[in-house]
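Worth saying up front: this structure is predicted, and the values here are computed from it rather than measured.
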Amino acid sequence: MLLFFPSYLIDPQQFHAPSDLRSPRARFVLFLLFSFFRSGGYLFFNRLGIMGVVFETVGVRQTVGKGRLMASELNNSNPDHDYSKEKLKHSSKEEMVSTMTNSMHRSSSRPQLDVSRAAIQEDSEDRNPTILLPNQSDDISHLALDIGGSLIKLVYFSRHEEQSPDDKRRSMKKRFGLSNGNRRSYPILGGRLHFVKFETGKLNECLDFISSKQLHRGGIDSPSWRSGTQTDANIVIKATGGGAYKFADVLKERLGVSLDKEDEMSCLVAGANFLLKAIRHEAFTHMEGQKEFVQIDHNDMFPYLLVNVGSGVSIIKVDGDGKYQRVSGTNVGGGTFWGLGRLLTKCKNFDELLELSQQGDNSNVDMLVGDIYGGLDYSKIGLSASTIASSFGKTISETKELSDYRPEDISLSLLRMISYNIGQISYLNALRYGLKKIFFGGFFIRGHAYTMDTISFAVHFWSKGQAQAMFLRHEGFLGALGAFMSYETHGLDYLRAHQLVERFPMEAPCIGGKIHGPPLGNLNEKISWLEKFVQRGTQITAPVPMAPPGTTGMGGFERPSSRGNTLRSDASAALNIGVLHLVPTLEEFPLLADPKMYEPNTIDLLDHGELEYWVTVLSEHLPDLVDKAVASEGGTDDAKRRGDVFAHAFSAHLARLMEEPAAYGKLGLANLLELREECLREFQFMDAYITIKQRENEASLAVLPDLLIELDNMNEEDRLLALIEGVLAANIFDWGSRACVDLYHKGTIIEIYRMSRKKMQRPWRVDDFDMFKERMLGSGDEKSQPYKRALFFVDNSGADVVLGMLPLAREFLRHGTEVVLVANSLPALNDVTALELPEIVAEAAKHCDIIRKAAEAGGLIMDAMVSIQEDGLKNHSTSVSLMVAENGSGGPCIDLRQVSSELAAVAKDADLIILEGMGRAIHTNLNAHFNCDALKLAMVKNQRLAEKLFNGNIYDCICRFEPGKEQL
């Protein structure tokens with residue numbers, strides 16, 4: 001132990017009990033010692049050694065930045081680290097010290113944990129206290145390159161931690177062992193992964209991009225860059241591809257960095273494995289011009305075939321993480337297509353050659369079966385007249401010269417010849433090893449519709465439909481991502497799909513991963529760039545889809561008959577690459593009956609008719625949203641400018657989706673609504689409806705006492721019905737519905753609420769109230785057991801939560817049920833947030849003893865008081881609790897595959913879920929099934945949805961009660 005800790009930390013003569021034992025430093029050391037023995041010692045130091053921990057005298061090393069580390073994370077041992085028990089068993093202490101010391105200086109790009117002046121956050125009741133690391137640097141220079149013959153791909157990490165407002169809900173967090181600390185012991189979590197590409201011929205532009213953003217030094221957002229204390233000493237960047245050798249001296253001269261070269265094939269496999277495990281719907285098929293996303297079962301992922309189509313073709317059998325072998329390949333690949341195409345058509349680059357093929361008709365060049373048999377099929381062996389008998393076969397017997405053939409026809413014939421052969425060879429290898437999953441990647445693919453269709457048809461034809469060709473959304477970045485993961489402390493191994501959120505900011509001038517200009521330093525530069533496009537009348541979106549002439553002949557089968565007999569151009573068919581946000585605090589909702597089968601979205605926007613309708617709805621709502629957003633910022637000139645640019649940026653997103661519905665991956669209505677909110681936040685409109693929410697909350701709280709008196713004068717059965725009617729009636733207050741917005745101009749909040757209550761006539765369109773009443777109140781003389789804990793997923797501010805959900809929560813509290821109000825983490829439209837609810841509850845508690853006692857028991861009354869002292873949080877109430885939890889969402893819907901860790905914690909003991917509102921109960925989760933009972937309540941405020949889903953009309957009500965899977 002003395003070899004690891006400086007003497008001043010553990011020498012008994014330097015401690016002055018009892019005061020020193022109570023000091024933050026002593027408590028931290030005791031915690032480290034406890035962790036050492038608890039974890040068996042070797043695991044603890046292995047974990048710290050991997051992260052480059054150094055214990056040294058206070059004040060010797062002063063780096064910038066602040067950090068915090070969760071004690072629970074340090075306590076968790078990880079059996080998967082590099083140092084095994086066997087190795088450590090035979091290592092001397094001197095070797096262990098040497099190993100740890102050497103790991104410090106391997107590369108300045110590695111994060112190093114500085115524990116000087118470390119202290120446990122003063123919170124004696126927190127089971128997993130936060131360790132404050134005041135001198136920990138946030139500089140983590142993780143940049144990886146894949147430098148190929150045609151493209152340079154970059155994957156880089158930026159630490160842009162989400163800055164959440166001060167969360168005063170201390171009591172609930174303490175009760176469930178949660179912490180306000182938002183930093184974890186993962187080396188680089190809490191930031192973003194970016195994907196960018198350049199043409200290799202424009203290497204200088206790539207280096208300018210890296211330099212301008214200081215990516216090799218941790219980025220311009222790093223504390224050391226802002227403070228001017230960064231150093232160029234021994235900067236090492238991970239790289240793969242042939243260019244890592246070819247251009248190593250150039251990078252050293254321009255950036256002062258050395259390249260740590262990683263094996264290209266290992267990087268490809270590592271990148272593919274990560275994407276298939278961590279990115280939901282990363283894989284997709286492409287048949288007849290239509291993309292269909294595929295969810296890969298992580299438990300049945302291996303083995304698979306990875307076909308990398310670069311200049312040549314490598315076919316790799318992947319059996320697991322780090323387990324692969326190259327089983328075959330061919331020298332006829334992308335380089336063949338480009339080389340022959342350049343000679344035959346005079347095209348100057350690869351993309352130009354692909355675009356040329358869009359307008360080709362290969363039947364002018366290829367010999368078809370019909371050409372041999374007088375236009376007839378060779379039906380005896382199953383070959384149609386349009387089958388290609390010989391690529392370029394017609395040029396043999398004709399007297400034409402090369403100049404007599406259209407370059408477009410030559411390009412298409414060449415593309416199909418090579419694609420068919422790649423597809424056939426790949427399938428034969430899959431057949432050889434008994435594999436059904438075949439993934440294609442490499443620069444030859446490039447999201448090109450014809451290429452993917454041709455390969456897909458080849459695999460489908462030769463396998464007789466038994467195998468599928470699949471492609472990856474991030475396929476061009478496999479190598480760069482694998483190189484990124486070769487950093488010892490990349491942290492991605494810990495991630496699961498629910499901790500990754502892909503977002504699509506208007507990262508001008510970087511669109512779809514391709515750079516179109518100098519990097520932008522701030523929001524003002526981004527706005528100026530977008531305004532220039534608008535002023536020039538230039539479209540921000542990709543080119544308009546092209547409609548090539550009909551073509552014939554598909555290597556052994558008929559050509560694809562896509563919709564409208566067209567396939568989109570390369571530019572428009574390519575999928576956008578977003579920014580991956582790494583959010584370690586997101587978890588899977590534990591009450592889902594079957595997480596693998598769970599699909600949150602009720603409406604699939606890959607249906608073009610649905611997409612067109614909802615894009616129209618959002619476009620029509622956009623002017624009103626911009627007005628509200630600008631007003632929320634005081635109507636300043638700056639706000640008006642940001643509002644205009646937001647409108648153009650979101651319109652560009654909508655136009656992109658109309659052009660290519662799969663551009664942003666598998667898209668449902670919930671994703672589209674979330675995209676709108678993210679776009680608002682991108683232009684710094686953090687709460688567009690804040691003024692409206694405050695006004696409606698005040699008006700609703702003013703009439704709450706009268707409503708409670710009215711309810712208390714009813715018998716139990718009538719009161720329960722009135723409460724459900726009240727929730728449904730109050731759900732009419734939704735600024736996301738055009739029909740409801742129109743109502744707001746015709747009366748006050750209370751007038752609209754009363755009108756809505758009067759229309760509550762049963763039976764409702766979906767009416768399970770009697771079933772729910774029997775579960776709540778029992779039947780006859782038999783009384784039901786009350787629920788233990790109910791989760792109320794609340795919707796809108798104002799009457800919805802105050803006059804609808806709060807009175808219903810009060811009834812559950814009266815029955816002895818603990819209630820957790822679950823609300824948004826971030827604002828969206830007029831939805832109430834978890835940070836707003838404590839004050840609303842505190843105001844309501846002034847008029848109701850039941851709410852007051854429960855809120856006190858749950859700590860909400862204390863949490864709402866900003867001036868409360870820490871010891872004031874202790875209470876000894878015996879009442880059931882009313883608490884608030886954030887859901888992890890920033891949109892009007894909720895995807896239960898990604899919820900906050902605190903919601904996951906409180907959900908474990910819940911036996912009832914109430915999902916309220918269109919966003920949470922209709923747009924999403926209408927078809928979701930749970931292990932506990934679920935009540936779904938909503939008013940349908942859209943005529944199309946009412947007809948499509950319920951065969952009903954606008955303002956119909958839904959009361960669906962579903963007994964839990966475990967209760968059946």
key: Over 12 non-hydrogen atoms of neighbours within 6.0 angstrom of CD in E588   =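 Yes, enclosed.
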
If only atom types and distance count, is the side chain of [X] paired as donor or acceptor with the main-chain N or O of [Y] below 3.5 Å?
X: N601; Y: A670; value: yes
X: S900; Y: E886; value: yes
X: S211; Y: L207; value: no

[atom1]-[atom2] distance between [X] and [Y], expressed to the nearest 0.5 angstrom:
X: T924; Y: N671; atom1: OG1; atom2: CG; value: 10.0 Å
X: H298; Y: N273; atom1: NE2; atom2: CG; value: 11.0 Å
X: D208; Y: K202; atom1: CG; atom2: NZ; value: 12.5 Å
X: L500; Y: L582; atom1: CG; atom2: CG; value: 5.5 Å

query = When you measure from the centre of the six-membered ring of Y664, is the NZ or CZ of R656 under 6.0 Å away and within 45° of the axis?
reply =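 Relative to the ring axis of Y664, which defines the angle, R656 lies outside at least one limit.
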
inquiry  = Could you go through L251 and I237, starting from their C-alpha distance and side-chain angles, then the distance that decides it, and tell me whether this counts as side chain to side chain contact (heavy atoms under 4.5 Å, CB included)?
reply    = CA-CA 10 Å; L251 270 77; I237 299 299; 5.9 Å; no

Kindly indicate whether the side chain of [X], heavy atoms from C-beta on, has any atom under 4.5 Å from the side chain of [Y].
X: R446; Y: L151; value: yes
X: L580; Y: I279; value: yes
X: V899; Y: N887; value: no

key: Candidates H581, R473, H281, R280 - the one meeting side-chain hydrogen bond (donor to acceptor under 3.5 Å, both in side chains) with E502   = R473

task = Indicate the ring-plane relationship of F685 and F646, choosing parallel, tilted or perpendicular according to the 30° and 60° boundaries.
result = perpendicular

ask   = Relative to each other, are the rings of Y487 and F484 parallel, tilted or perpendicular (30° and 60° limits)?
value =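 Judged by the thresholds at 30° and 60°, the geometry between Y487 and F484 is perpendicular.
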
task = Let me see the working for F443 and F350 under ring-ring contact (aromatic ring centres under 6.0 Å, His included), right down to the final yes or no.
result = CA-CA 10 Å; F443 88 87; F350 191 88; 5.1 Å; yes

ask   = Can the ring centres of H474 and F195 be said to be less than 6.0 Å apart?
value =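 Judged by ring-centre distance (under 6.0 Å), H474 and F195 do meet the cut-off.
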
request  = Decide side chain to side chain contact (heavy atoms under 4.5 Å, CB included) for N299 and D297; before the verdict, give the C-alpha distance in whole Å, the side-chain angles of both, and the deciding distance to 0.1 Å.
outcome  = CA-CA 5 Å; N299 297 319; D297 185 352; 3.6 Å; yes

request  = Would you check, one step at a time, whether the test side chain to side chain contact (heavy atoms under 4.5 Å, CB included) holds for C893 with L669?
outcome  = CA-CA 9 Å; C893 304; L669 184 55; 5.9 Å; no

